[in-house]
S.K.: 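Handing you this structure, nothing more for now.
The analysis underlying the following values was restricted to heavy atoms, covering all of them including side chains, and did not include hydrogens, waters or symmetry mates.
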Amino acid sequence: LELTDFKKAKDVWEMSAAERAASQLRKKQQGNAAFARRQYEKAIRLYEASNTRAPTEEDLETQVGARGGTGVTGADASGGGSGADASEADDLPAVDREAVKQIRLACFLNMAACHLKLEQPSKVISCCTSALDLAPNHAKALYRRGQAYLVLADFEAAKVDLMAAVRADPTSKEPRQGLEDLKAAQA
């Protein structure tokens with residue numbers, strides 16, 4: 001076996017917004033695969049890597065300016081590119097701000113799930129709070145944070161989050177079960 005060529009992967013700061021979005025999605029998918037294999041620590045690292053690769057607002061604004069438009073549309077996060085500068089921007093797929101946000105949100109929620117499995121309630125709270133910064137009143141984030149508060153025996157905080165989760169998604173059974181668990185823990 002002989003190595004005939006080697007091309008160093010780009011560092012994150014060298015990537016275009018589209019390349020960062022594609023890298024973000026790949027790391028999330030790798031995290032999902034690790035979670036499915038119950039490799040929770042590895043999954044957490046991959047989800048964190050996904051969020052660090054997410055295009056920044058500055059990246060997205062540069063993309064908008066280079067395209068001469070007022071917004072970004074299209075959600076093809078699988079695009080590559082070759083170190084594009086503003087003159088090459090039209091060759092890259094547009095990056096959808098909402099898609100980037102949803103991937104970040106999913107990674108925070110998935111990290112919270114990993115920390116729940118690892119019985120690390122303080123880290124669950126941190127991840128869910130970050131998710132709620134992106135999507136206030138997100139039922140799953142409120143529910144998981146409520147679960148973590150319940151584990152820490154912070155019953156008042158658990159009640160606040162679990163009640164908010166029920167209001168956010170009245171059809172979900174999980175927050176209602178969480179409230180039942182809270183009542184049992186307080187008895």
Side-chain angles (χ1 to χ4, degrees), residues 12 20-57 59-60 72-73 75-78 95-187:
V12 174
R20 288 182 72 150
S23 180
Q24 175 196 26
L25 181 60
R26 272 192 309 276
K27 289 295 179 186
K28 177 187 173 278
Q29 291 168 337
Q30 291 169 354
N32 290 349
F35 185 91
R37 292 188 306 272
R38 297 184 176 161
Q39 297 172 328
Y40 302 121
E41 292 94 351
K42 182 176 183 179
I44 290 166
R45 286 191 306 273
L46 289 163
Y47 292 134
E48 288 172 342
S50 173
N51 280 347
T52 61
R53 283 166 170 72
T56 64
E57 277 300 313
D59 293 332
L60 296 172
V72 286
T73 58
D76 181 9
S78 63
V95 177
D96 184 345
R97 276 185 169 83
E98 188 60 26
V100 167
K101 177 183 167 184
Q102 290 304 314
I103 292 170
R104 289 187 70 221
L105 176 64
C107 285
F108 282 125
L109 292 170
N110 293 348
M111 283 189 283
C114 291
H115 288 302
L116 274 173
K117 297 281 189 185
L118 295 170
E119 299 177 1
Q120 300 170 329
S122 296
K123 292 181 179 181
V124 173
I125 292 168
S126 176
C127 291
C128 289
T129 300
S130 295
L132 290 165
D133 288 343
L134 293 172
N137 300 316
H138 190 280
K140 191 180 287 187
L142 289 163
Y143 168 66
R144 287 188 180 156
R145 191 169 72 174
Q147 285 182 299
Y149 282 131
L150 184 57
V151 168
L152 293 173
D154 186 344
F155 300 134
E156 188 58 38
K159 181 179 179 181
V160 168
D161 277 351
L162 292 169
M163 292 295 291
V166 168
R167 284 191 302 277
D169 186 1
T171 62
S172 178
K173 295 177 186 175
E174 292 168 330
R176 293 184 191 286
Q177 181 59 51
L179 286 170
E180 293 298 321
D181 295 343
L182 173 63
K183 287 178 189 174
Q186 289 177 313

S.K.: Quick one: does Arg176's side chain get under 4.5 Å of Pro170's, heavy atoms only?
M.R.: yes
S.K.: Could you tell me whether a side-chain N or O of Arg104 sits under 3.5 Å from a main-chain N or O of Ser50, the two making a donor and an acceptor?
M.R.: no
S.K.: For a side chain to side chain contact (heavy atoms under 4.5 Å, CB included) check, start with the C-alpha distance between Leu162 and Tyr143, then their side-chain angles and the critical distance, and finish with the verdict.
M.R.: CA-CA 5 Å; Leu162 292 169; Tyr143 168 66; 3.7 Å; yes
S.K.: Side chain to side chain contact (heavy atoms under 4.5 Å, CB included) between Tyr47 and Cys127: does it pass, once the steps are laid out?
M.R.: CA-CA 11 Å; Tyr47 292 134; Cys127 291; over 6 Å; no
S.K.: Rounded at 0.5 Å granularity, tell me how far CD in Glu41 sits from CD in Gln120.
M.R.: 7.5 Å
S.K.: Which atom pair, heavy atoms only, marks the closest approach of Gly31 to Ala43?
M.R.: O-CB, 3.5 Å
S.K.: Heavy-atom count check: over 12 atoms from other residues, nucleotides or ligands less than 6.0 Å from Asn137 CG?
M.R.: no
S.K.: Start with the C-alpha distance between Lys123 and Met111, add both sets of side-chain angles, then the distance that settles side chain to side chain contact (heavy atoms under 4.5 Å, CB included), and finish with yes or no.
M.R.: CA-CA 9 Å; Lys123 292 181 179 181; Met111 283 189 283; over 6 Å; no
S.K.: Could you tell me which non-hydrogen atom of Ala112 sits nearest to which non-hydrogen atom of Cys128, and how far apart they are?
M.R.: CB-SG, 3.6 Å
S.K.: Within a 6.0 Å radius of atom CZ on Arg37, are there more than 12 heavy atoms belonging to other residues, nucleotides or ligands?
M.R.: yes
S.K.: Could you walk me through whether Gln186 and Leu182 pass side chain to side chain contact (heavy atoms under 4.5 Å, CB included), step by step?
M.R.: CA-CA 6 Å; Gln186 289 177 313; Leu182 173 63; 3.9 Å; yes
S.K.: Look up atom NZ in Lys27 and atom CG in Asn51, then write down how far apart they are to the nearest 0.5 Å.
M.R.: 13.0 Å
S.K.: For the CD1 atom of Ile103 and the CD atom of Gln29, what is their distance to the nearest 0.5 Å?
M.R.: 8.0 Å
S.K.: If you round to the nearest 0.5 Å, how far is NZ of Lys183 from NZ of Lys159?
M.R.: 9.0 Å
S.K.: Can you tell me how far apart CD (Gln147) and CD (Gln177) are? Round to the nearest 0.5 Å.
M.R.: 10.0 Å
S.K.: Please check this pair: side chain of Ser130 against backbone of Ser126, looking for a donor-acceptor N/O pair closer than 3.5 Å.
M.R.: yes
S.K.: Without swapping roles, check the side chain of Arg20 against the backbone of Arg53 for a donor-acceptor pair under 3.5 Å.
M.R.: yes
S.K.: Identify the two heavy atoms, one from Leu150 and one from Gly178, that lie closest to each other, and give their separation to 0.1 Å.
M.R.: CD2-O, 4.3 Å
S.K.: Please determine which of Leu134, Leu132, Val100 meets the side chain to side chain contact (heavy atoms under 4.5 Å, CB included) test together with Leu105.
M.R.: Leu134
S.K.: Please check: side-chain N/O of Arg144 versus main-chain N/O of Val124, any donor-acceptor pairing under 3.5 Å?
M.R.: no
S.K.: For Glu119, I'd like to know if atom CD has over 12 heavy atoms of other residues, nucleotides or ligands within 6.0 Å.
M.R.: no
S.K.: Roughly how far apart are Asp161 CG and Asp154 CG, rounded to 0.5 Å?
M.R.: 9.5 Å
